[in-house]
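Presented below is the structure to which this report refers.
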Amino acid sequence: MLSAEDISVSLGGTQILSDVSLTAECGDVVGLVGPNGAGKTTTLRLLRATLSPDSGTVRVAGDPIDGLSSKQVSQRVASTPQATELSFEFTVRQAVEMGRTPHLGRFERADSGDREVVAAAMERVDVARFADRPVTSLSGGERQRVLLARALAQETPVLLLDEPTSNLDINHAVNTLELVADLAREGKTAVAAIHDLNLAARYCDELVLLAGGEVRAAGPPREVLTTPTLRDAFDAETLVTGQPATDAPLVTALADRDPLDRTVHVVGTGGQAAGALTRLVAVGATVSVGVVPTGDAAAERARDLDCEAVTVPPFAGVDGNSVSRATELARAADAVVVAGDVGDANESVVAAARRLVAVDGEGVPAIDSPRTIVATVDELPAAVAGVATRNGGPDAERRVESSKQQDR
C-alpha cells in the first residue's frame, strides 16, 4: 500500500535522510522509532508528499506519489502532525469536518453523508462531547485526538501519525494505539513515529529504526529492539526482556556505570527469582539460574536475557543430571542468590555456594549460615559486589553495610 525506496533528502545543506527504504502492507502498523533528530518526521513528510526527496521514490497504492495531484494524495493518505496548534477558533466539529475536504468539489458543501462520517469519527476517538467547543479551549491531548478524528473523517486507506501519543495520558495513549490497531485489522495501513519504544513494540507489526538519517534495523519488534541495535542507534545501554502477557519486547534504559564483574547463580522460582535475574543482568553480572521448571517466570526471564538456565519439565521431578549441572554452576559462581521458592531438590545446589545472598521477601527460606547476606532486590548489586571474587582481590574482605542486610 505504501513504500519508500532509497529516499534521500538534504535540508539547508545538511543530509537528513540517506537511502531510506520501507514498506507498509495493507493491514500493517509500521512504527518509526529512533533518537531525536533521526529523521522520523522528515520521513513522514516524504510519505505524504509535503516534501520531495532528492532521490528515491515513494509509492502509494502502487503509484509514484510525485505523479499524483494534492487532492489525489489527500484521498489516499491522511496524517496527524506532531504539533497540535490550530490558529482559528474552529469548533471541534468544524475541525473534524476539514477531513472531508478531499472528497468535495471546489464549491461543494458537506451533505448528510459527510456529517455522518464526521460524527462517527468524533465518536470513535472520544471527542464527540467536545463537538461545539472551540478547539483552542482544549488541552494538548484533547487537540491531539481531534486531529486524529479529522484524519479518520478523511477516509483514506493510509494513516500517517507523527507522535500520536506525545500529549496523551497513559489511558488515552493506549486507547489511541488500540484504535490504530483496530483500524489496521479493518484493512487500513498505518505508519506512526512513536517515541515510546515499549508502546511501539506492543502495537506495531513492524518497526523501522532510524538513526543518523539511516535505517539501522527493520522488521518485527523482537528483531529490531535488541541491546546491540539499541546501543548502536541510541548510544545507550538497555536491558531487553518481555512485556507481560504479550510477545512484545520490553526495553529498560540503564544508567552508565561500570559493569559488575561477578558470576552469580540464582536458585529459586517465580517472580522473585525473575526479578533477581533482571536486576543482576542489568548491572553487567554474568548470571545463570536453576534448577527451575520449564515455563516458570525465572526460566522465561533467563531465556529473554540469554542466561543459562538449568530446566526440567513441569511436574516431572528433578533428575540427577540437572542437579549436577546446577551444582556445578553454583560452585563456580562468586555468589549464589536465593530468591523465591527453592524446593528440596535444590538443597545440594545451595550447599555448593561459597557465599549466599538471600533476597528478602515472602517465601524465601531462612538459611542459617554465616555465609549468607540478606538483601532486597534493589540491594542485590551492592550485596554481590561486596562478595569476593573466586580469585580474591582487593575487595575480598569488603562487606556491604545495610539496615536490611545482616549475617546469619
Look at the side chain of [X] and the backbone N and O of [Y], then say whether any donor-acceptor pair between them is shorter than 3.5 Å.
X      : Y      : result
Ser18  : Gly213 : no
Arg150 : Ala95  : no
Thr165 : Leu168 : no
Gln75  : Pro102 : yes

Point-to-point distance, once rounded to the nearest 0.5 Å, from [atom1] of [X] to [atom2] of [Y]:
X      : Y      : atom1 : atom2 : value
Thr229 : Leu207 : OG1   : CG    : 11.0 Å
Leu22  : Glu5   : CG    : CD    : 11.0 Å
Arg109 : Arg115 : CZ    : CZ    : 9.0 Å
Leu147 : Gln144 : CG    : CD    : 6.5 Å
Met98  : Gln154 : CE    : CD    : 12.0 Å
Cys26  : Glu186 : SG    : CD    : 13.5 Å

Considering all heavy atoms of both residues, which atom of [X] and which atom of [Y] are nearest to each other, and what is their separation?
X      : Y      : result
Arg100 : Val117 : NH1-CG1, 3.8 Å
Pro381 : Leu260 : O-CD2, 4.0 Å
Val125 : Leu179 : CG2-CD2, 3.9 Å
Leu161 : Leu44  : O-CD1, 3.6 Å
Asp247 : Arg222 : O-NE, 2.8 Å
Leu239 : Leu305 : CD1-CD2, 3.4 Å

Review point. Would you say the side chains of Thr136 and Glu89 form a donor-acceptor pair under 3.5 Å?
Key: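 A pair is found: one side chain offers a donor N or O, the other an acceptor, under 3.5 Å apart.
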Review point. Are a donor atom and an acceptor atom from the side chains of His172 and Asp169 found within less than 3.5 Å of each other?
Key: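 Side chains of His172 and Asp169: pair found under 3.5 Å.
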Review point. Per the side chain to side chain contact (heavy atoms under 4.5 Å, CB included) rule, which among Ile16, Ile7, Leu47 passes with Thr42?
Key: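 The passing option is Ile16.
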Practice item. From the options Val180, Val29, Ile194, Val174, select the one residue that forms a side chain to side chain contact (heavy atoms under 4.5 Å, CB included) with Tyr203. Key: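 Testing each of Val180, Val29, Ile194, Val174 against Tyr203, the sole residue satisfying side chain to side chain contact (heavy atoms under 4.5 Å, CB included) is Val174.
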Could you check if a side-chain atom of [X] sits within less than 4.5 angstrom of a side-chain atom of [Y], using non-hydrogen atoms only?
X      : Y      : answer
Val287 : Val337 : no
Val336 : Val267 : yes
Leu2   : Leu160 : yes
Thr227 : Thr238 : yes
Leu177 : Arg202 : no
Val349 : His265 : yes
Asp114 : Glu97  : no
Val96  : Phe130 : no

**Study point:** Test: Glu300 and Arg303 ion pair at under 4.0 Å
**Key:**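 Salt bridge flag = yes for Arg303 with Glu300.
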